[in-house]
2 protein chains.
Amino acid sequence: MSETETRKDTYHHGHLREELIRRGLDALEQEGAEALSLRALSGSAGVSKTAPYRHFKDKEEFLGALADEGYRLLHEALAASIAPGRKRRRAETPVGAMGRAYMAFAVSRPALYRLMNSPLMCRLPQEYTGWARKSLMLLAGTLEAARTGAEGSPDVRQAGPPDLDATAAAWAYIHGLVLIRIDGLYPTDLPEPDWDRLAGVVPELPTGS
Amino acid sequence: MSETETRKDTYHHGHLREELIRRGLDALEQEGAEALSLRALSGSAGVSKTAPYRHFKDKEEFLGALADEGYRLLHEALAASIAPGRKRRRAETPVGAMGRAYMAFAVSRPALYRLMNSPLMCRLPQEYTGWARKSLMLLAGTLEAARTGAEGSPDVRQAGPPDLDATAAAWAYIHGLVLIRIDGLYPTDLPEPDWDRLAGVVPELPTGS
DNA sequence: TGACAAGTGTTGGCAGTGTCAACATGACTC
DNA sequence: GAGTCATGTTGACACTGCCAACACTTGTCA
């Protein structure tokens with residue numbers, strides 16, 4: 001029996017839901033999303049193959065729980081990147097710092113990042129998309145603070161209606177950048193872009209019609 | 001028997017490979033990539049479940065063939081968007097026209113677009129990535145022509161070494177924009193961005209370190 | 001023309017998956 | 001202490017990708 005496996009000595013596991021999510025996050029990066037199997041996960045947790053169905057309606061809902069946890073971690077990382085006390089690179093803007101933190105998160109958990117941004121998300125009930133929403137709003141608030149010249153910690157509540165097109169554009173840029181990198185889409189025989197620098201310079205969208 | 005099905009009257013099908021690809025592209029958009037099954041495809045083509053394995057090593061290679069065909073179509077669409085005779089919107093740049101064509105392609109075949117940009121691509125042998133490479137180079141050439149002020153049809157061969165970081169940035173922007181749209185990631189309770197406009201204004205990357 | 005080889009399609013089978021219905025166990029409540 | 005409910009188990013079904021062995025057709029070359 002591998003040391004990563006546990007055997008339950010009681011009929012009821014106790015924290016199966018949490019353990020499945022924890023093991024799911026591990027397996028995601030280890031084996032990839034395609035290979036992630038509820039049965040295998042149950043087995044390694046020491047419960048029967050159908051035990052997960054007491055906690056999740058189906059596999060999709062389980063993946064939703066993983067994604068939600070991913071967004072919680074992402075939100076944490078983004079918030080930390082612009083925390084007041086944090087030491088900054090010279091001439092680094094909050095938007096740039098957040099872009100780099102976003103990139104770092106995705107690179108550290110590529111399979112989870114993919115899952116978090118898969119079409120599955122829009123089919124999920126709201127209870128699984130709370131952190132996703134918060135993460136996007138944190139980005140929007142930071143962009144808005146930069147646009148209106150407000151320094152310090154951004155607060156989306158006081159900044160008035162943000163420029164949502166600009167938010168979408170900045171999000172698109174960093175999202176695309178991250179995916180091209182972690183999916184290995186950039187041709188390997190070309191000199192590799194400086195991903196980290198690019199993540200730090202979120203381009204400006206030409207305004208107008 | 002459905003009219004979309006065929007029954008072969010000879011032992012050998014004759015054009016099974018082509019038919020599988022054609023049906024695969026259809027099924028991809030109809031049922032989604034997750035539900036795409038070689039067995040079901042074989043069945044609807046009127047051959048046995050293992051017949052595809054005479055033409056493709058495994059499912060991944062089949063998906064690679066679909067993606068390659070997708071990139072051929074994308075290249076076709078991008079090239080048409082900047083063709084000399086084509087009528088242009090007022091004040092539309094070649095880069096903008098190409099961005100809009102890129103968006104239109106992805107929206108018309110979202111599942112195929114996702115497949116074309118999945119991590120699978122970097123595991124594929126070169127014979128399946130030719131059109132992908134050509135498409136990216138077409139984008140790079142158009143960006144380079146815009147950057148150096150050359151008008152008319154871009155030719156990556158004569159433009160000298162392109163600014164690959166700028167290419168990666170522009171690609172990232174439009175790629176991210178497309179994915180956020182087709183994957184339905186943008187919160188539905190917020191006013192929807194003007195995707196088509198955004199696709200037409202590829203932002204400028206601040207130069208320098 | 002006829003033997004042979006290569007290409008293509010078929011059959012049966014294996015291991016693995018998600019999911020369901022029926023049942024078992026244990027913890028919590030009155 | 002009885003009953004209820006959450007949680008875990010067993011067995012089964014339909015489905016998948018893929019493999020080995022076999023069958024049919026076509027083309028090649030003496």
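First the proteins, then the strands, lettered A, B, ... as listed; each starts at 1.
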* Asked: Are A/Glu92 and A/Arg100 close enough for a salt bridge, meaning some N to O gap below 4.0 Å?
  -> yes
* Asked: Picking from A/Phe105, A/Tyr102, A/Trp131, what satisfies ring pair (Phe, Tyr, Trp, His ring centres under 6.0 Å) with A/His75?
  -> A/Trp131
* Starting at CG of A/Leu41 and ending at C1' of C/dG16, how long is that distance when rounded to a whole Å? -> 15 Å
* Rounded to whole angstroms, how far apart are CZ on A/Phe62 and P on C/dT19? -> 12 Å
* ring-ring contact (aromatic ring centres under 6.0 Å, His included): pairs with one or both residues in residues 23-44 of chain A, sequence neighbours excluded -> none
* **Side-chain heavy-atom pair A/Leu185, B/Trp171 within 4.5 angstrom cut-off** => yes
* Rounded to the Å, how far apart are A/Glu60 CD and C/dT17 P? -> 19 Å
* Gap between atoms CD and C1', on A/Glu61 and C/dT19 respectively (whole Å) -> 14 Å
* To do: Go through residues 49-58 of chain A and report each residue with a non-hydrogen atom lying under 4.0 Å from DNA chain D, sorted by number.
  => A/Lys49, A/Thr50, A/Ala51, A/Arg54, A/His55
* Worked check of side-chain contact (heavy atoms from CB on, under 4.5 Å) between A/Phe56 and A/Leu38 -> CA-CA 11 Å; A/Phe56 306 98; A/Leu38 276 183; 5.9 Å; no
* To do: Could you tell me whether B/Arg23 and B/Glu19 have a side-chain N and a carboxylate O separated by less than 4.0 Å?
  => yes
* To do: Give the rounded distance in Å between these two atoms: CZ of B/Arg17 and P of C/dG7.
  => 15 Å
* **Neighbours of DNA chain D within residues 27-39 of chain B, by heavy-atom distance under 4.0 Å** => B/Leu36, B/Ser37, B/Leu38, B/Arg39
* Would you call A/Arg72 and A/Glu76 a salt bridge, using N to O less than 4.0 angstrom? -> yes
* To do: Check whether any side-chain N or O of A/Glu29 sits under 3.5 Å from a backbone N or O of A/Leu112 as a donor-acceptor pair, and report yes or no.
  => yes
* Structure fact -> So the salt bridge (Lys or Arg N to Asp or Glu O under 4.0 Å) pairs with at least one residue in residues 31-51 of chain B (sequence neighbours excluded) are none
* To do: Within residues 121-128 of chain B, find the residues that approach DNA chain C with a heavy atom at under 4.0 Å, and present them sorted by residue number.
  => none
* Kindly state each residue pair satisfying salt bridge (Lys or Arg N to Asp or Glu O under 4.0 Å) with at least one member in residues 109-133 of chain B, sequence neighbours excluded. => A/Asp189-B/Arg133, B/Glu60-B/Arg123, B/Arg114-B/Asp183
* Within a strict 4.5 Å, meaning less than it, do heavy atoms of the A/Trp195 and A/Val107 side chains meet? -> no
